[in-house]
*Asks:* 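Below is the structure I would like to discuss, written out as structure tokens.
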There are 2 protein chains.
Amino acid sequence: MDSKIATIQDVARVAGVSTATVSRTISKPDVVAKATREAVLSAVAETGYRVNTTASNLRRQRTGTVLVLLPNIANPFFSQILAGLASVLTPAEYSMLIADTQTGPDADQRLTHYLTSGQADGLVVLDGTLSPETLSGPLVPPAVLVCEWMGSTLPSVRVENARGAALAVNHLADLGHRKIGHVTGPPGNVLTETRRDGFCRALADRGLPVHDDWILEGDFTMDSGAAAARAWCHLEDRPTALFLSSDEMAIGCMGALQSRGIRVPEDVSIVGFDNIEIAQHLSPGLTTIRQPRTDIGVRAAEILMDMIASKTKDGQSEIITVHLIPRGSTGPAPE
Amino acid sequence: MDSKIATIQDVARVAGVSTATVSRTISKPDVVAKATREAVLSAVAETGYRVNTTASNLRRQRTGTVLVLLPNIANPFFSQILAGLASVLTPAEYSMLIADTQTGPDADQRLTHYLTSGQADGLVVLDGTLSPETLSGPLVPPAVLVCEWMGSTLPSVRVENARGAALAVNHLADLGHRKIGHVTGPPGNVLTETRRDGFCRALADRGLPVHDDWILEGDFTMDSGAAAARAWCHLEDRPTALFLSSDEMAIGCMGALQSRGIRVPEDVSIVGFDNIEIAQHLSPGLTTIRQPRTDIGVRAAEILMDMIASKTKDGQSEIITVHLIPRGSTGPAPE
DNA sequence: GGCTGCCATGTAAACGATTTCATCGTCGCC
DNA sequence: GGCGACGATGAAATCGTTTACATGGCAGCC
């Protein structure tokens, strides 16, 4: 009937040792004598003892929490990175505190509050719109940036965004397209900038025209992809291929085009970016740039764990390779 | 150069009061005199004091953590529930610990460990395959089940799964379909059972045949939807309409059908379940049963907060209404 | 045999808050 | 004017660990 959970004191009493020995048995078993160790372990089993993480964290001056900042938790792209993060953090006894940076206008203030409140031992930033200054205060814990860098010196796991865009352009150019358009992410976002730059540079490299009217603004959502499709329809001189800065937008765009009777890829070829799971299940399948999302999360978590362990704010950076996945949404340029 | 964070002691010293008064000023401002309160608050501002959550939690015998059990974090359906949960939990100073119940074979054991380790003040269960016994040990904190019930007496936020299935069937029957098939979720999952039962009952109510060959087994993933499409192709006597137990499966199925040249809805009508965002962006749009995912999360979190506040394991339950969203993937039965 | 040194363990002081209980005024009332 | 009550504050215990330091015993060595 002891609904109370056993404490280290109880274990110590049962095993006939001091709490120090119990603690040592659990954290560094090799420093206690074999006999004592066994006595303690059986006392642990008998009492059903579990270490109280809160107390442990307090004493060890850590929080056991990693704060993950992301713009939109409902985006499947992010959730898969989360899965990667979790697979490393959970075994390391860290829990993820997920903060949606998009909710509400006071987001920036709430954020600073969060960052400096000592609620987290580390930070994983998935939001490309956060300012480097916000992230480099003295009170801000070690941080790893994911998928972006913005000239900051913080360690990061980045994806070859520019090269990804170039892969898309080259693929389309190889298929004979000469009029290639682009739908960007939201302005100010690093992903947006790099992919757009990579796109423009690749066009130039292939000697293809960069046409301002063909660069449409989106915001990574399906809705904005659909809007881009409508905008495309209203263009006088329409590109025969579109490279969209995210799969979500590409899906929204493709759906909107198809429901207007425009054929993909016969009338227009579509390339996305991300390779989210659904891309292969569409008809036609979506040609896209693959980013290994789980790996990204895993590497980010590993780097962060290293930083926390070595108590530094500097860490390694890593660049993750992207690949073109050709599918049915791209085809030869129409006449 | 005091990179150290201020403690309540520092504030007390600066304000010339005791730590007790500082603590009171912050947690129940009305019991301290106005003058003292102001002195304390300005000392707080001056020192940049933030309460140390870990210490506070330890003293107050809480963890400040809610454990969320879900089968697959990458599923967009769940992430939106998470968003709803977060919107309630974060303001209440709770953080979410997300545990993927699917990873690894020792999942069940790890789970029990988690549940009883006192790591969480509450539990939100999104996984329909967990056994009620696992969730009702004396050491398990207050729990709310989401989207399921399995005869358990635990409080829950459930969705009208059976009625949703009936809505789908009636919609198809109204369109003249008499041969209606179903793709289920994974066996043993409560959602699977209830939706299948609702499906069968609705067929019977409309006087339509229940044909075992037309009930295909899936597991809620796109891949299994695609597999169902292939299975459908191999049927001798093919249903003219399919109700799939999740949108993901419906998408996988529709994509696979279309890429085989089978037209939706001319050759076969498709109904999903969930109304995930992408459903409206497909071409044709996916007819589906809408569950208000964010609301579900919000209500579950609210109920849990109530339970924690009143220190009980019993809470209210709530049933969330579903709606049919007709889109282009359903049409009149072919001749 | 006595000294050095190491190994295993215990003692007790943190960690930073909350909260009970005691104390000290001050006010009101008879 | 004295007594009771109440309102505001402080002192100190407590939450459950971890860990620096002290202690005691035993082996090894001259």
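Naming: A, B, ... by sequence-line order, numbering from 1 per chain. Since the structure is predicted, the reported quantities are computational estimates derived from the model, not experimental observations.
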*Asks:* Going from CG on A:N57 to OH on A:Y94, what distance comes out if it is rounded to the nearest 0.5 angstrom?
*Replies:* 8.0 Å
*Asks:* Would you list the pairs meeting salt bridge (Lys or Arg N to Asp or Glu O under 4.0 Å) in which at least one residue belongs to residues 11-33 of chain B, sequence neighbours left out?
*Replies:* B:D10-B:R13
*Asks:* What integer distance in Å separates B:N57:CG from D:dT14:C1'?
*Replies:* 15 Å
*Asks:* Using the side-chain hydrogen bond (donor to acceptor under 3.5 Å, both in side chains) rule, collect all pairs that involve residues 80-89 of chain B, keeping only residues at least two apart or in two chains.
*Replies:* B:Q80-B:R293
*Asks:* At 4.0 Å (heavy atoms only), tell me whether B:S56 reaches a base, stays on the sugar-phosphate, or touches nothing.
*Replies:* sugar-phosphate
*Asks:* Polar pairs (N or O, both sides) under 3.5 Å between protein and nucleotides 23-28 of chain D?
*Replies:*
none

*Asks:* Going 5' to 3' along DNA chain C, between which two nucleotides do contacts with chain A fall, using a heavy-atom cut-off of 4.0 Å?
*Replies:* C:dA8 to C:dG16
*Asks:* Nearest 0.5 Å, please: how far is CG in A:L304 from CG in A:L123?
*Replies:* 8.0 Å
*Asks:* Going from OG1 on B:T63 to CG on A:N52, what distance comes out if it is rounded to the nearest 0.5 angstrom?
*Replies:* 9.5 Å
*Asks:* Tell me: CZ of B:R60 to C1' of D:dC15, nearest whole Å?
*Replies:* 13 Å
*Asks:* I need the residues from residues 42-49 of chain B with at least one non-hydrogen atom less than 4.0 Å from DNA chain D; give them sorted by number, or say none.
*Replies:* none
*Asks:* When rounded to the nearest 0.5 angstrom, what distance separates CG in A:L82 from CG in A:L70?
*Replies:* 5.5 Å
*Asks:* Once rounded to the nearest 0.5 Å, what's the spacing between atom CG of B:L89 and atom CG of A:L97?
*Replies:* 10.5 Å
*Asks:* How close or far is atom P of D:dC15 from atom CZ of B:R59, stated in whole angstroms?
*Replies:* 8 Å
*Asks:* Do side-chain atoms of B:S156 reach the backbone of B:R158 as a donor and acceptor pair under 3.5 angstrom?
*Replies:* no
*Asks:* Tell me, please, which residues at least two apart from B:E318 pass side-chain hydrogen bond (donor to acceptor under 3.5 Å, both in side chains).
*Replies:* B:R299
*Asks:* Can you list the residues that meet the side-chain hydrogen bond (donor to acceptor under 3.5 Å, both in side chains) rule with A:D219, with sequence neighbours excluded?
*Replies:* A:T221, A:S224
*Asks:* Would you mind writing out the side-chain donor-acceptor pairs for residues 32-39 of chain B within the sub-3.5 Å range, not counting sequence neighbours?
*Replies:*
residue	atom	partner	partner atom	Å
B:T36	OG1	B:A33	O	3.2
B:R37	NE	B:P29	O	3.3
B:R37	NH2	B:V32	O	3.4

*Asks:* Can you pull every protein N or O that's under 3.5 Å from an N or O on nucleotides 8-12 of chain D?
*Replies:*
residue	atom	partner	partner atom	Å
D:dT9	OP1	B:T36	OG1	2.3
D:dT9	OP2	B:A33	N	2.9
D:dT9	OP2	B:T36	OG1	3.3
D:dG10	OP2	B:S18	N	2.8
D:dG10	OP2	B:S18	OG	3.2
D:dG10	OP2	B:T21	OG1	2.7
D:dG10	N7	B:R24	NH2	2.9
D:dG10	O6	B:R24	NH1	3.3

*Asks:* Determine yes or no for a side-chain-to-main-chain donor-acceptor pair under 3.5 angstrom, with B:D121 supplying the side chain and B:G64 the backbone.
*Replies:* yes
*Asks:* Quick check on the helix from C:dG1-D:dC30 to C:dC30-D:dG1: what's the angle between its two end axes, five base pairs per end, to the nearest 10°?
*Replies:* 50°
*Asks:* For B:T19, check side-chain hydrogen bond (donor to acceptor under 3.5 Å, both in side chains) against everything at least two apart and list the hits.
*Replies:* none
*Asks:* What pairs meet the salt bridge (Lys or Arg N to Asp or Glu O under 4.0 Å) rule with one or both residues in residues 306-315 of chain B, with sequence neighbours excluded?
*Replies:* none
*Asks:* Taking A:T21 for the side chain and A:V17 for the main chain, is one N or O donor matched with an acceptor at less than 3.5 Å?
*Replies:* no
